[in-house]
Amino acid sequence: MRIHNTLTNRVEKFTPIHKDTVNMYVCGPTVYNYIHIGNARPVIFFDVVRRYFEHKGYTVNFVSNFTDIDDKIITKALADETDEMTIANKFIKAFYRDMERVGSSTKYLAPRVTEYMSSIISYIEKLLEKGYAYEVDGEVFFRVDKVADYGILSGRRKEELIEGARISIDEKKENPLDFTLWKKTDAGITFPAPWGEGRPGWHTECVAMIQDIFGGKIDIHGGGSELMFPHHENEIAQNRAFAEHHIANYWMHNGQLMIDDKKMSKSEGRIILVKDLDQDYMGFRLFTLSNHYRSPLEYTDEILKSHVNQWEKIKRTYSQTFYQLDLADRLDSKPFIDNHLKRINQKFMAALDSDFNTANALSELYNLMKYANQKLRQRDTYPEMRGALEVFDTFFRILGLRPEVQRLTQNDRAIYTAWTAARKNKEFDKADRLREKLLERGIL
RNA sequence: GGUCCCGUAGCCAAGUGGCUAAGGCAAUGGACUGCAACUCCGUGAUCACCGGUUCGAAUCCGGUCGGGACCUCCA
């Protein structure tokens, strides 16, 4: 298996730290609003990563946090005349709902920053002890200059960053690049710390939680490419100071979702919330998997629509195969995987082995559709159809796509038999009525 | 201003040195069908442009044009 590692900017062979186990962490949302379709990209992509590792037989310890304390949450709480926890709880619930909608599993560890305050504080204390952090007037900053390879992830040099001139000058900082570990504040919820009441800076929560939960280095750290700098760069810097390693062996970043060739932006009204998508969410999932995860993904209504159509076709082929086997009492028969199916399956896996090339994997799903549709029109192909169903199930499990089918009821079978008989007897009015019923149930 | 990425058919998109440039959507011709739907078979590309390296370039190098991201606690 090969994975693109942002740390080295290369595609590398994947070797886990602990045999048969993958420890991975993905940066989760700040819960102050409903998520938009751009937020859904990592939610879907890393879900597929997890599923594929599990398919390969790994035990995956998947962790993704909730930032439940933040200025934006406080602002939102003030606007809604409520408190931060109410806001956070509301949008965490909404987040899970949206994850379920797009077909991503919610069964993983999701630590909340407020539950890990003591870990964060002791992490900062250790940075102070080691001389990588300094306290000024109740605030704590990280001393970027002490980390030799700062910029390793984002490919920047400290000098370039300073020349950038877009960094606001804070009198308290020794160096404009230094970032906040602990912020002194009296707005909203505050927490007691040795340096006074305040809140942790954004960059510390992830490393402190990883340290607490995994006890050290993990295999994969993931997130959106916009987090590479400064967030992930600062995580690495802190952990270099804390434990002399880069937290994760592999850093994976997904590209951003664009609308009208530009990044989504609330202020410019270019934003679509997942809950407002008003489309088949499996079609949306298919859309996000239709190009390489590291490339930008362009959204238009037309592109989404074409994937929604495509999902309809996939469902139709799958359910046809399922129902034809059911009608023939062959659902529980042994699948026959011929060479053609074997090859489709191999190419599908090879695509995912190659840095999770879901676009290529999908084209094998389309080959599988063609195969199944051909077998559906031929006589005496139940073993092959059963084989196709088997491969479909595997692909769907890995991609997290879910067509809904249920075994036929006695009534369904009766309608089907009656329909066949009516056609045979050229009772077309009756046949059409029955056909209508079968179409409604998705059996035809 | 600095750093980086991208430009493949009407649309989406894979491929990053070597057979006739995957696949999908849309369009269109045919087959199947009681009619239809579905499905199947077929039909489409001077790989943004110019120059270079090479036996050979969509792929590597240089330039031009166009688009985008990051340098801001934006997913």
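Computed over heavy atoms, backbone and side chain alike; hydrogens, waters and symmetry mates excluded. Proteins come first, then strands; the chains are lettered A, B, ... in the order of their sequence lines, and each starts at number 1.
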Does Gln310(A) have a side-chain nitrogen or oxygen under 4.0 Å from the phosphate oxygens OP1 or OP2 of C25(B)?
yes

For a quick check under 3.5 Å, do Thr67(A) and Glu205(A) share a side-chain donor-acceptor pair by atom type?
yes

Which is true for His292(A) with a 4.0 Å heavy-atom rule: it touches a base, it touches only sugar-phosphate, or it touches nothing?
sugar-phosphate

Exceeds 12 heavy-atom contacts within 6.0 angstrom, atom CD of Glu404(A)
no

Under 3.5 Å for both donor-acceptor distances, Watson-Crick or wobble: does U39(B) have a partner, and if so which one?
A31(B)

Classify the nucleic acid contact of Leu257(A) as base, sugar-phosphate or nothing, counting any heavy atom under 4.0 Å across all strands shown.
base

If you look at every strand shown and take non-hydrogen atoms under 4.0 Å, does Arg377(A) touch a base, only sugar-phosphate, or nothing?
base

Using Watson-Crick or G-U wobble geometry with both distances below 3.5 Å, tell me the partner of G1(B), or none.
C71(B)

G23(B) and C61(B): how far apart are their P atoms, nearest whole angstrom?
29 Å

With the side chain of Lys370(A) defined as its heavy atoms from C-beta on, choose the nearest nucleotide among A14(B), C41(B), C12(B).
C41(B)

Interatomic distance at P, A45(B) relative to G51(B), whole Å:
23 Å

Quick check for you: among G23(B), C73(B), C25(B), whose closest atom lies nearest to any side-chain atom of Lys313(A)?
C25(B)

Describe, in one word, how the ring planes of Phe141(A) and Tyr134(A) are oriented to each other, choosing from parallel (under 30°), tilted (30 to 60°) and perpendicular (over 60°).
tilted

Considering every strand and a 4.0 Å limit on heavy-atom distances, what is the contact class for Lys305(A): base, sugar-phosphate, or nothing?
nothing

How about Ser363(A) and Asn360(A): does a side-chain donor come under 3.5 Å of a side-chain acceptor?
no

Asn39(A) side-chain proximity, nearest of A75(B), C38(B), C40(B):
A75(B)

Base, sugar-phosphate alone, or nothing: which one does Arg41(A) contact when heavy atoms must sit under 4.0 Å apart?
nothing

Measuring only the C1' atom in each nucleotide, how far is A9(B) from C50(B)? A whole number of Å is fine.
23 Å

Taking for each residue the nucleotide of RNA chain B bearing the nearest heavy atom, is the 5' side occupied by Asp429(A) or by Phe229(A)?
Asp429(A)

Taking only the C1' atom of each, what is the distance from C25(B) to A13(B) in whole angstrom?
11 Å

Any base atoms under 4.0 Å from Ser306(A), or only sugar-phosphate, or nothing? Heavy atoms, all strands.
sugar-phosphate

Is the gap between the ring centers of His246(A) and His221(A) under 6.0 Å?
no

Touch class at under 4.0 angstrom, heavy-atom based, for Lys183(A) against every strand present
base

Do the side chain of Arg294(A) and the base of C5(B) come within less than 3.5 angstrom through a donor-acceptor pair of N or O atoms?
no

Identified ring-ring contact (aromatic ring centres under 6.0 Å, His included) counterpart of Trp182(A) within the set Trp202(A), Trp195(A), Phe142(A):
Trp195(A)

Take atom P in U20(B) and the same atom in C12(B), then report the distance between them in whole Å.
28 Å

Does Gln256(A) reach a base, just sugar-phosphate, or nothing at all? Heavy atoms under 4.0 Å.
base

Both distances under 3.5 Å, Watson-Crick or G-U wobble: report the partner of A21(B), or none.
none

Using purine N1 to pyrimidine N3 plus N6-O4 or O6-N4 for Watson-Crick, or N1-O2 and O6-N3 for G-U wobble, each under 3.5 Å, what pairs with A14(B)?
none

Look at all strands and tell whether Asn360(A) reaches a base, only sugar-phosphate, or nothing, counting heavy atoms closer than 4.0 Å.
base

Between U72(B) and C49(B) - P atom distance, rounded Å
37 Å

Using Watson-Crick geometry (N1-N3 plus N6-O4 or O6-N4) or G-U wobble (N1-O2, O6-N3), each under 3.5 Å, G62(B) is paired with C50(B)

How would you label the contact of Asn357(A) with the nucleic acid (heavy atoms, under 4.0 Å): base, sugar-phosphate, or nothing?
sugar-phosphate

Which nucleotide wins on minimum distance to the side chain of His307(A), given the candidates C12(B), G34(B), A26(B)?
C12(B)

Under 3.5 Å, is there a donor on one side chain and an acceptor on the other for Tyr293(A) and Asn357(A)?
no

Applying a 4.0 Å non-hydrogen cut-off, can you work out what Phe428(A) is touching in the nucleic acid: base, sugar-phosphate, or nothing?
base

